[in-house]
Amino acid sequence: MNIRRLHSNEIPPMELLLLADPSKEIVEEYIQRGQCFVLEHEGDVIGVYVLLPTRPGTIELVNVAVDERVQGKGFGKQLVKHAIQNAKVQGYQTIEIGTGNSSVSQLALYQKCGFRMTGIDKDFFIRHYEEEIYENGIQVVDMIRLSQDL
Ligand code: COA
């Protein structure tokens with residue numbers, strides 16, 4: 001298992017990125033400006049995360065995803081922990097992440113990795129996404145913001 005930065009001449013793993021974010025347009029926009037890292041296991045790319053500098057000293061984990069066939073085996077936690085360490089090594093003071101109000105397991109994962117809730121961006125998903133999204137039987141409407149000092 002190896003986590004490495006995607007080279008600029010490599011194609012980002014769009015199928016994985018779309019697991020975390022249903023909008024191809026939004027993903028393509030932040031992938032240009034962000035740092036994309038992939039997790040390889042036995043020669044296959046099975047995970048991805050994207051870090052995007054947002055404000056001075058702050059970087060945001062804008063996408064994290066694991067291939068559905070190997071979810072629940074600890075890879076997601078390894079990716080989030082790698083992203084935190086990576087941001088720290090790069091000298092950032094704060095790492096942020098946002099997730100939907102309905103993303104129960106993601107909220108568990110991020111808090112297990114040391115993130116604390118800082119705010120709610122009300123109606124974020126209504127404003128930024130055309131289609132209605134449901135998860136765990138709950139409509140995704142608000143963005144829960146989480147942050148961690150490095
Ligand atoms: N309550 C408590 N803990 C929970 C939980 C719940 N309901 N659901 C998950 N967890 C915990 C797990 O127990 C585990 O913690 P542990 O190691 O302390 O037991 C941790 O969350 C994550 O487990 P892991 O196996 O590393 O997760 P994963 O490999 O399945 O990856 C995602 C997690 C979110 C990256 C993956 O499910 C995924 O790609 N989902 C689709 C894309 C997505 O939603 N991305 C995030 C967008 S905000």
Student: Given the rule in the side-chain contact (heavy atoms from CB on, under 4.5 Å) test, do L17 and V50 qualify, once you have shown the distances and angles that lead to the verdict?
Tutor: CA-CA 9 Å; L17 292 160; V50 181; 3.7 Å; yes
Student: For the residue pair F115 and Y110, does the interplanar ring angle fall in the parallel (under 30°), tilted (30 to 60°) or perpendicular (over 60°) class?
Tutor: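 Rings of F115 and Y110: perpendicular, as their planes differ by over 60°.
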Student: I'd like to know whether L150 forms a side-chain contact (heavy atoms from CB on, under 4.5 Å) with T94, so could you lay out the CA-CA distance, the side-chain angles of the two residues, the decisive distance to 0.1 Å, and finally the verdict.
Tutor: CA-CA 5 Å; L150 298 169; T94 307; 5.8 Å; no
Student: Taking side chain as C-beta onward, heavy atoms only, is N2 less than 4.5 Å from L39?
Tutor: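 They are not in side-chain contact.
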Student: Is there a path of hydrophobic side-chain contacts, each under 4.5 Å between heavy atoms of I/L/V/M/F/W/Y residues, joining V45 to V64?
Tutor: no
Student: I need the L79 CG to I84 CD1 distance, nearest 0.5 Å.
Tutor: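 Going from the CG atom of L79 to the CD1 atom of I84 covers 11.0 Å.
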Student: Do you know which two heavy atoms are closest between Q78 and I3, and how far apart they sit?
Tutor: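 It is O-CD1, 4.1 Å.
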Student: Less than 4.5 Å apart, any side-chain heavy atom of T118 and any of L146?
Tutor: no
Student: May I ask you to decide if I138's main-chain N or O and N136's side chain share a donor-acceptor pair within less than 3.5 Å?
Tutor: no
Student: Salt bridge or not for E10 and R5, using N-O below 4.0 Å?
Tutor: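 Result for this pair is no, no salt bridge flagged.
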Student: Transitively linked via ILVMFWY side-chain contacts under 4.5 Å: I144 with V62?
Tutor: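 The answer is no; the residues belong to distinct hydrophobic clusters.
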Student: If only atom types and distance count, is the side chain of D121 paired as donor or acceptor with the main-chain N or O of M143 below 3.5 Å?
Tutor: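 Flag not set: sc D121 to bb M143 has no pair under 3.5 Å.
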Student: Start with the C-alpha gap between E96 and R55, add the side-chain angles, then the distance that decides, and say whether salt bridge (Lys or Arg N to Asp or Glu O under 4.0 Å) holds.
Tutor: CA-CA 11 Å; E96 295 182 336; R55 299 186 299 283; 2.8 Å; yes
Student: Find out if a path of hydrophobic residues (ILVMFWY) with successive side-chain heavy-atom gaps under 4.5 Å connects Y49 to L18.
Tutor: no
Student: When you compare the side chains of S103 and E135, does any donor N or O come within less than 3.5 Å of an acceptor on the partner?
Tutor: yes
Student: Are I46 and F75 packed together at the side-chain level, in the sense that at least one heavy-atom pair is separated by less than 4.5 angstrom?
Tutor: yes
Student: Using a cut-off of 6.0 Å, state whether more than 12 heavy atoms not belonging to E28 lie near its atom CD.
Tutor: yes
Student: With distance as the sole test, does R4 use its side chain to make a donor-acceptor pair with the main-chain N or O of E40 at under 3.5 Å?
Tutor: no
Student: If you define the side chain from C-beta out and look only at heavy atoms, does anything of I133 sit under 4.5 Å from P22?
Tutor: yes
Student: Hey, what do you get for OG (S105) to CD (Q71), rounding to the nearest 0.5 Å?
Tutor: 8.0 Å
Student: Minimum heavy-atom separation for A65 and L19, please, with both atom names.
Tutor: CB-CB, 4.2 Å
Student: Using modelled atom types only, decide if a donor and an acceptor are shared between the side chain of E131 and the backbone of S23 within a distance under 3.5 Å.
Tutor: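 Not a single qualifying donor-acceptor pair exists.
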Student: Please walk me through it: do I95 and S147 pass side-chain contact (heavy atoms from CB on, under 4.5 Å)?
Tutor: CA-CA 6 Å; I95 183 165; S147 157; over 6 Å; no
Student: SG/C113 to CG/L61 distance, rounded to the nearest 0.5 angstrom?
Tutor: 9.5 Å
Student: For G47 versus L16, what's the shortest heavy-atom pair and its separation?
Tutor: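 For G47 and L16, the tightest heavy-atom pair comes out as N-CD1, 3.7 Å.
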Student: Walk me through whether E60 and R145 qualify under salt bridge (Lys or Arg N to Asp or Glu O under 4.0 Å).
Tutor: CA-CA 10 Å; E60 181 169 347; R145 302 290 313 168; 3.2 Å; yes
Student: Please find the pair of heavy atoms, one from G100 and one from F125, that lie closest to each other, and give the distance.
Tutor: CA-CE1, 3.7 Å
Student: Test: salt bridge (charged side-chain N to carboxylate O under 4.0 Å, His left out). Region: residues 83-92. Which pairs qualify, not counting sequence neighbours?
Tutor: none
Student: Look at the side-chain heavy atoms of Ile, Leu, Val, Met, Phe, Trp and Tyr, link any pair under 4.5 Å apart, and say whether Y92 and F37 land in one connected group.
Tutor: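 Looking at the clustering, F37 is in the same group as Y92.
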Student: If we count only N and O atoms by modelled type, under 3.5 Å, do the side chains of Q90 and N86 hold a donor and an acceptor together?
Tutor: yes
Student: Any heavy-atom pair between the side chains of V48 and P12 that's under 4.5 Å?
Tutor: no
Student: List the atom of I26, the atom of H128, and the distance in Å for their closest heavy-atom pair.
Tutor: CD1-O, 3.9 Å
Student: Do N63 and Y30 have a side chain donor and acceptor closer than 3.5 Å?
Tutor: yes
Student: Is there a donor-acceptor pair closer than 3.5 Å between any side-chain N or O of N101 and the backbone N or O of V140?
Tutor: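 No.
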Student: Can a donor-acceptor pair be found, under 3.5 Å and without considering hydrogens, that links the side chain of D142 to the backbone of D123?
Tutor: yes
Student: Does CZ in R69 sit with more than 12 non-hydrogen atoms of other residues, nucleotides or ligands closer than 6.0 Å?
Tutor: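 For R69, atom CZ is not crowded (no more than 12 foreign heavy atoms under 6.0 Å).
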Student: So do H82 and K77 actually touch side chain to side chain, heavy atoms under 4.5 Å?
Tutor: no
Student: Would a 4.5 Å heavy-atom cut-off, applied to side chains only, mark Q148 and R116 as touching?
Tutor: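 Heavy-atom side-chain distance check fails, nothing below 4.5 Å.
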Student: Please indicate whether I120 has more than 12 foreign heavy atoms, meaning atoms of other residues, nucleotides or ligands, lying under 6.0 Å from its CD1.
Tutor: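 For I120, atom CD1 is not crowded (no more than 12 foreign heavy atoms under 6.0 Å).
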Student: Can you find a heavy atom in the side chain of L109 that is under 4.5 Å from one in the side chain of V80?
Tutor: yes
Student: Does Y129 form a side-chain contact (heavy atoms from CB on, under 4.5 Å) with D21? I'd like the steps, not just the answer.
Tutor: CA-CA 10 Å; Y129 291 80; D21 192 328; 2.9 Å; yes
Student: So, taking the atom named CD1 in I31 and the one named CE in M14, what distance separates them when rounded to the nearest 0.5 Å?
Tutor: 6.5 Å
Student: If you take all heavy atoms of A87 and I59, which pair is closest and at what distance?
Tutor: CB-CG2, 3.6 Å
Student: Can you tell me if Q111 uses its side chain to pair, donor with acceptor, with the backbone of L107 under 3.5 Å?
Tutor: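 Looks like yes, one N/O pair under 3.5 Å.
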Student: Which value, rounded to the nearest 0.5 Å, describes the distance between Q32 atom CD and L52 atom CG?
Tutor: 11.5 Å
